[in-house]
Amino acid sequence: MTVRLRQSVFVPPPLYVVADQRGFLAEAGVEVETTLTRSSDQQRAQLVAGDCDLAVTAIDNLIVWNATGASIRLLAQVERTTPLHLLGRKGFDTITALRGAELGVDAVDNGFAIVLRHLLRSHGLTSDDYTLTPVGGVRERYDALLAGEIAATLLGPPLDELARREGLPVLLAIGDELPDYPGQGLVAGPAGLASAEAISAYLSCLDRARHWLATAESAHAVDMLIRGGYTELSARASLRSAPDSLTPAAAGLRRLYAIRAELAMMPPGAPAVDELFEPAPLASAVSP
């Protein structure tokens with residue numbers, strides 16, 4: 001029997017690429033229709049409307065999404081951390097140079113914009129020192145940065161590498177500043193949560209991919225991701241963030257809430273930290 005799922009991603013995560021390339025999905029009878037999203041707002045709308053079952057997104061998004069009436073749950077953490085870099089356009093090669101500048105984000109009050117605010121604050125810039133402008137997903141932000149429409153933005157593999165090849169300066173790396181910051185999560189809306197059998201099968205395939213990456217030779221793993229659309233450098237960067245477990249790290253989830261508390265940006269009606277993760281699908285998919 002074949003089960004089908006629809007997922008929305010900014011960039012296909014390594015675990016999904018490996019599960020597809022290694023044939024784990026086909027063996028399990030799981031068909032995944034993957035579409036690239038333009039923004040987290042689009043992902044939320046798709047999940048709420050039932051136009052997609054799953055999304056790979058910043059876990060912080062769930063705090064705002066569910067505070068505004070959505071019913072979206074975290075199923076798994078598909079990266080240990082997200083290898084994001086803050087890149088500036090030419091002429092903006094220090095954090096101080098961003099004072100008075102326009103910075104591109106996906107959304108101003110959720111996702112990676114929150115950690116960007118935190119990091120800039122830790123480097124001496126307050127929210128009055130810059131402007132956050134919604135540009136869209138990682139591809140849209142990359143294009144805006146190259147076009148000179150924004151002074152800086154956060155980018156991840158493979159687009160951070162491409163920006164560096166264009167000579168754009170790296171101002172900081174999230175992994176260096178916040179090693180416990182959680183990577184992206186696989187989340188589900190009501191339509192996905194209703195597809196328990198399909199989700200369980202998919203999570204089992206992702207866990208097989210995780211085990212394969214843990215034992216595969218580095219060159220073989222890199223080649224696998226290259227065949228899935230990564231460049232060599234972005235593949236190596238992404239593999240360094242492969243998770244040890246699909247279970248979301250409790251410390252990482254607490255970090256998201258601590259950052260929001262520090263910034264006084266916890267929205268009214270936000271779920272408690274222990275309400276983000278729905279453990280049942282992963283528990284039924286992965287043997288203890």
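- By the salt bridge (Lys or Arg N to Asp or Glu O under 4.0 Å) test, Asp180 pairs with Arg255, sequence neighbours left out.
- In summary, Asp143 and Arg139 do not engage in a salt bridge, as defined by a charged side-chain N under 4.0 Å from a carboxylate O.
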Verify side-chain contact (heavy atoms from CB on, under 4.5 Å) between Leu146 and Leu162, making sure each step is shown before the conclusion. CA-CA 10 Å; Leu146 287 189; Leu162 297 179; over 6 Å; no
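- Under 4.0 Å is where a charged nitrogen must lie from a carboxylate oxygen, and between Asp207 and Arg210 at least one such pair does.
- Here Arg4 pairs with Glu31 under the salt bridge (Lys or Arg N to Asp or Glu O under 4.0 Å) rule; sequence neighbours left out.
- Inspection of the Gln7 and Tyr202 side chains reveals an N or O donor paired with an N or O acceptor under 3.5 Å.
- Judged as a side chain to side chain contact (heavy atoms under 4.5 Å, CB included), and not counting sequence neighbours, the contacts of Ala270 are Ile63, Ala67, Met266, Pro267.
- Sorted pairs that involve residues 136-175 and meet ring-ring contact (aromatic ring centres under 6.0 Å, His included), not counting sequence neighbours, are lacking altogether.
- Glu140 contributes a side-chain N or O that, together with a main-chain N or O of Gly137, makes up a donor-acceptor pair within less than 3.5 Å.
- For the residue pair Tyr181 and Thr82, no side-chain donor N or O sits within less than 3.5 Å of a side-chain acceptor on the partner.
- Side-chain atoms of Asp60 and Asn110 include no donor-acceptor pair closer than 3.5 Å.
- Smallest separation of non-hydrogen atoms from Leu186 and Leu54: CD1-CB, 4.0 Å.
- With sequence neighbours left out, the salt bridge (Lys or Arg N to Asp or Glu O under 4.0 Å) criterion links Arg227 to Asp223.
- Crowding of Glu27 atom CD: a count of heavy atoms from other residues, nucleotides or ligands under 6.0 Å exceeding 12.
- Side-chain atoms of Glu79 and Ser241 include no donor-acceptor pair closer than 3.5 Å.
- Residues passing the salt bridge (Lys or Arg N to Asp or Glu O under 4.0 Å) test with Arg38: none are found, sequence neighbours excluded.
- In the model, Ser127 has no side-chain atom that pairs as donor or acceptor with a side-chain atom of Arg121 under 3.5 Å.
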